[in-house]
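Comments concern the structure below.
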Amino acid sequence: DLPGGYLEDGEHPETGALREVLEETGLKVRITAFGGIYMDTYGASGVSTLNVFYEAEVAGEIPDTLTAKDDVAELAWFDPEDLPLEEFSFENGKQAIADWLSRRSG
């Protein structure tokens, strides 16, 4: 899946996105574009979620080896066309990536 998580009280979504990427990947990134807002549900009880997506790029040096942090099992780089969308856990992430790929090719 994509890096993400919940916002802290009073935290702006852009700040939360930067924090979550750093916590989960160890990478500092800068936001380059707004990706969209998507609704979904989470957990067995189906709690409604509002998911905000941004495009970002690594700010600074990219390490030779990626190390999964926080609650992440594994990290990997993919070419956009090779993203394993069928393995994504959340429908909002699948849709956000599909829309992003469509914008790139259009």
Side-chain angles (χ1 to χ4, degrees):
D1 255 319
L2 301 169
Y6 293 102
L7 294 174
E8 303 293 336
D9 268 349
E11 186 175 43
H12 190 281
E14 286 185 9
T15 305
L18 297 173
R19 176 184 51 75
E20 286 289 345
V21 171
L22 181 61
E23 285 177 2
E24 294 181 6
T25 69
L27 297 172
K28 290 185 179 181
V29 299
R30 72 178 136 263
I31 293 172
T32 58
F34 176 70
I37 297 174
Y38 298 82
M39 305 246 344
D40 207 343
T41 57
Y42 181 77
S45 62
V47 172
S48 293
T49 62
L50 182 69
N51 305 275
V52 181
F53 288 85
Y54 297 98
E55 294 179 32
E57 62 187 14
V58 176
E61 192 172 324
I62 300 173
D64 292 334
T65 304
L66 294 174
T67 304
K69 309 279 186 191
D70 197 28
D71 56 355
V72 176
E74 149 182 53
L75 293 175
W77 294 108
F78 295 92
D79 288 328
E81 298 75 23
D82 295 331
L83 285 164
L85 294 179
E86 68 281 351
E87 295 180 28
F88 277 39
S89 298
F90 304 106
E91 290 301 317
N92 64 79
K94 293 177 189 179
Q95 187 61 55
I97 292 293
D99 291 348
W100 175 71
L101 290 170
S102 178
R103 286 192 303 273
R104 286 173 48 93
S105 66

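Quick caveat: nothing in here was measured; it's all calculated off a predicted structure.
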Would a 4.5 Å heavy-atom cut-off, applied to side chains only, mark [X] and [Y] as touching?
X: Asp71; Y: Glu24; result: yes
X: Thr67; Y: Leu75; result: no
X: Tyr54; Y: Val21; result: no
X: Thr15; Y: Leu18; result: no
X: Met39; Y: Leu50; result: yes
X: Leu27; Y: Pro63; result: yes

Worksheet item: Any ion pair linking Glu23 and Lys69 (charged N to carboxylate O, less than 4.0 Å)?
Response: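 No, Lys69 and Glu23 are not salt-bridged.
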Worksheet item: Are any of the side-chain nitrogens in Lys94 or Glu86 under 4.0 Å away from the carboxylate oxygens of its partner?
Response: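 The answer is no: the pair does not qualify as a salt bridge.
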Discussion item. Quick check on the hydrophobic clustering: are Phe34 and Tyr38 connected, directly or via other members, by side-chain heavy-atom contacts under 4.5 Å?
Written reply: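 The answer is no; the residues belong to distinct hydrophobic clusters.
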Discussion item. Under the side-chain contact (heavy atoms from CB on, under 4.5 Å) test against Phe53, which residue among Asn92, Ile37, Ile97, Asp99 passes?
Written reply: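 So the option named by the test is Asn92.
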Item to complete: Kindly assign one of parallel, tilted or perpendicular to the pair Tyr42 and Phe90, based on the angle between their ring planes and the thresholds 30° and 60°.
Response: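 Tyr42 vs Phe90 ring planes: tilted.
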Item to complete: Give the C-alpha distance, both sets of side-chain angles, the deciding distance and a yes or no for side-chain contact (heavy atoms from CB on, under 4.5 Å) between Glu74 and Val72.
Response: CA-CA 6 Å; Glu74 149 182 53; Val72 176; 5.7 Å; no
Discussion item. Please determine whether the number of non-hydrogen atoms from other residues, nucleotides or ligands lying under 6.0 Å from atom CD of Glu61 exceeds 12.
Written reply: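 No, not enclosed.
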Worksheet entry | Between Ser89 and Asp1: side-chain donor-acceptor atoms closer than 3.5 Å |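 Looking only at side-chain atoms, Asp1 and Ser89 do form a donor-acceptor pair, the distance falling under 3.5 Å.
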